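Just so it is clear, the structure is predicted and the values come from calculations on it, not from any experiment. The sequence lines fix the lettering, A, B, ..., with proteins before strands; numbering per chain opens at 1.
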Amino acid sequence: MIESIISMELPAGEHLAVRRNRICPETETKGCRRISLVSGIHGDELEGQYICYETARRVKEHPEYLKGIVDIYPALNPLGIDMASRTVPRLDMDMNRMFPGDASGDMMERVTAAVVDSIIGSDICIDLHASDIFVREIPQVRLSEDFAEALLPYAKMTNADMIWMNATATVHESTLAHSLNLLGVPTLVLEMGQGHDIHRSFGNQIVDGIFRIMSEMGIWEGPEPVVQEPAVSSDGEVEFIRSAVDGVFLPLIEHNHYVKKGDLIGEVVDPFEGTVKQQIRTERGGLLFTLRAYPVVYEGDLLARILTE
Amino acid sequence: MFERDIYTIHSTYREDMHIKGFQFGKGEKSACIVGAARGNEIQQMYICSQLVKTLRELENNGCISAGKQILVIPTINAYSVNISRRFFGVKEADINRSFPGNDYGEPADRLTNALLTEIRDYVYGIQFTSFYRPGEFVPHVRMMETGYQNASLANLFGLPYVVVRKPVPIDTKTLNYNWQDEMTAAFSVYTNQNNQIDEVSARQAVAAVLRFLKRMGLIRYESHSGYISHVLYEKDLSDVHTNRAGIFRGKVHAGDDVRYGNEMAEIIDPYDGSVRETILAPTDGIVFFAHTEALISEKDIAYRLIHRLHE
C-alpha cells in the first residue's frame with residue numbers, strides 16, 4: 001500500500017509528499033517484525049532506486065514467504081530526486097543535516113520529523129546511498145564507531161564488499177542514521193556506485209543482503225541468499241589519495257582492483273600545455289575501492305581510496 | 001595599509017583565486033574582519049570594502065593605535081562571487097560549513113584550514129555573514145553559546161540586538177564557532193541584505209564595527225554611542241508559520257512594531273489571485289526577521305518576532 005507519511009503544500013498547485021510502500025504479509029501482522037528501506041535523501045544518488053524496486057519485486061513475486069512488514073521509502077527528498085539535486089531544492093540545504101527535525105518547525109523540519117516518526121518501530125532500517133557524481137565506490141557499509149557493536153552483526157549480512165568504521169564527526173549527529181540509532185532503531189548506511197547512475201550488479205548484490213537480513217529477523221521465509229564476508233576496516237587502514245595540482249584526472253586503472261605499492265593509477269594532465277602535471281602512484285598496496293569519476297580537479301580533490309592490506 | 005595574499009586556489013580554466021587581506025597597523029593581532037564566504041554575500045563584501053576605505057583614511061591620519069593590528073578580508077570565496085553562485089566549486093561546498101578544515105582535505109577544507117591558521121590568533125573576530133533562510137533581519141550581532149561567548153562585549157557594537165544561539169551540530173562547522181574554539185572573541189554581524197546593496201544598513205554596520213574597534217582601544221575615531229543592545233536568546237523569538245503556500249505579499253518589514261491581531265501578510269493563490277491566508281500577528285512585538293521571497297511554502301517561517309518587553 002502506497003501512503004504519504006507527510007504532505008506539505010507548495011506555492012503553485014503541488015504538494016511535497018514523502019511516500020512509502022508498506023508491504024504486509026498475507027497472514028496476521030500483529031507482533032511481526034518490520035524492516036524499513038530508505039533512499040533518496042540526496043537527490044543525485046539513484047542506486048537505491050533499483051534496490052527499492054528489486055526488493056519490492058521479489059517480495060511481491062513470493063508473498064507467501066513474507067512474514068513481517070517491509071516498508072520502502074524510495075524518495076525522502078522527492079523534489080531533489082526529480083531534479084537530480086543533492087540538496088533540497090529552493091533551500092539549498094543537505095537534508096541529511098536536518099535530522100531529527102522538529103514537528104513544530106518549518107516545512108523541512110516537519111518533513112524530517114515525520115520521516116523519523118514513521119520509521120520508529122522498525123526492527124531495522126537500511127539507508128541506501130550512492131556515491132556522489134565525483135567518485136565511484138564499491139558496495140560498502142559505513143558505520144559510526146559509536147554504534148558499531150550493535151550494528152556489526154547486521155552489517156556483515158548485507159553482502160557488501162566492505163565495512164568501513166569511522167569516528168563520528170559531530171556534524172554526523174544531524175543525519176537520519178544517527179538519529180534513528182539514538183532512538184533505538186538499528187540503522188545501517190550503505191553506499192555504492194556513483195551519483196546519477198545505477199549499477200544493477202551492485203544493486204542485486206545488496207538486495208541479496210537485504211533478504212539475508214530479513215531471513216535472519218524472521219521477516220522472510222523464502223530461500224536464504226548466500227552472502228559474502230566483507231572486509232572490515234577502520235580509518236587507519238584507508239589510504240586517501242588526493243590531487244596535488246589542478247588539472248584533468250585520467251585514470252589508468254579499473255575501479256575495484258587490487259593494487260601494489262608504487263602502481264600508477266592515473267595522471268593529472270594540463271589540456272592547454274599537453275603535459276602531465278602529476279603521476280598518481282600508490283603509497284601502499286590494497287583494494288582500490290574508490291576511484292574518481294569526474295575528471296576536472298583542484299588541488300585536494302579526492303582521486304582514490306585504498307583499503308590497505 | 002599592507003595588502004597580502006592569505007591563500008591561493010589554482011584552477012586550470014580560471015585565473016587564480018587569491019584571498020586578499022588588508023592589514024592596518026602593526027603589532028598585536030587585535031581584530032580580524034571577514035566578509036563574504038558565499039558568492040551571494042555581496043552586501044557583506046561591500047561593507048568590508050567600506051571598512052578598508054575608512055581604515056585606510058584613519059591610518060593615513062595616524063588613528064590606528066600603536067602596537068595594534070587590524071586585518072580585513074572582504075571575501076574568502078571570490079570564485080563564487082564572480083559567477084553568482086552561493087557555494088564553492090563544482091561540489092558546491094559551503095565554505096562557512098567547512099571549518100576548521102584540514103590541510104590534507106578537500107579544496108574547501110584546505111582553504112578554511114589555511115584561513116583559520118592565519119586568523120586564529122586575533123583577539124576579536126568579526127564575520128559578516130548570512131542566514132540560509134532568505135529574508136531581511138533587524139541588524140544584529142549573533143553569537144554561538146559555546147561557553148566562551150561574551151554578550152557584554154557584543155553590546156559594544158551598539159546595534160539594537162545581540163542574539164545568542166545555542167549551536168546545533170551543523171553550527172560546529174562555522175567560522176564563528178571555530179573562532180571561539182580558538183579563544184577568539186567571535187561575533188557574526190547580520191544586516192538586512194545579501195545580494196543587493198542596502199546603503200543604510202551597510203553604513204550602520206560599518207559604524208558598528210568602527211564603534212567596537214574604538215571601544216576596544218584599537219582606533220581613535222569619533223562615533224555616536226549607538227544603541228544599548230538588548231540581548232536575546234534565539235529560542236525566545238516567536239516564529240510565525242504559514243498554513244498555506246502561494247505568493248507571499250508581506251505587509252510589515254524587519255524592525256516594524258506589530259500589535260496582536262495586526263495583518264502582517266497575505267498568501268495569494270497564484271492561479272486565481274484569491275487570498276488563501278491572512279497572517280495575523282500572534283502577539284505584540286517587533287519584527288526581527290521577515291520573509292521576502294515572492295513564494296512561500298506551507299509551514300515556512302514568514303516572520304520571527306521579538307515579544308514586546310515594555311511600552
Which region of [X], side chain (C-beta onward) or backbone (N, CA, C, O), has a non-hydrogen atom less than 4.5 Å from a non-hydrogen atom of chain B, or is it both or neither?
X        : answer
A/Val296 : side chain
A/Thr87  : neither
A/Met93  : side chain
A/Asp94  : neither
A/Arg86  : neither

* When the ring planes of B/Phe288 and B/His140 are compared, do they come out parallel, tilted or perpendicular, using 30° and 60° as the limits? -> tilted
* Give me the ring orientation class for B/Phe248 and B/His291: parallel if the planes are under 30° apart, tilted from 30 to 60°, perpendicular past 60°. => perpendicular
Answer with yes or no whether the side chains of [Y] and [X] bring together a donor and an acceptor at under 3.5 Å.
X        : Y        : value
B/His10  : A/Asp246 : no
A/Ser174 : A/Arg97  : no
A/Arg19  : A/Ser7   : no
A/Tyr73  : A/Ser118 : yes

* Is the distance between the ring centroids of B/Phe99 and B/Trp179 less than 6.0 Å? -> no
* Can the ring centres of B/Phe137 and B/Phe131 be said to be less than 6.0 Å apart? -> yes
Please state whether the side chain, the backbone, both or neither of [X] comes within less than 4.5 Å of a heavy atom of chain A.
X        : result
B/Arg244 : both
B/His241 : side chain
B/Ile9   : side chain
B/Leu295 : both
B/Glu92  : neither
B/Val168 : neither
B/Phe87  : side chain

* Most contacts with chain B, counted as non-hydrogen pairs under 4.5 angstrom, among A/Ala12, A/Pro271, A/Gly247 -> A/Ala12
* Structure fact -> Looking only at A/Glu299, A/Lys277, A/Arg110, A/Met98, most heavy-atom pairs under 4.5 Å shared with chain B are made by A/Arg110
* Structure fact -> The salt bridge (charged side-chain N to carboxylate O under 4.0 Å, His left out) partners of A/Arg242 (sequence neighbours excluded) come to B/Glu106
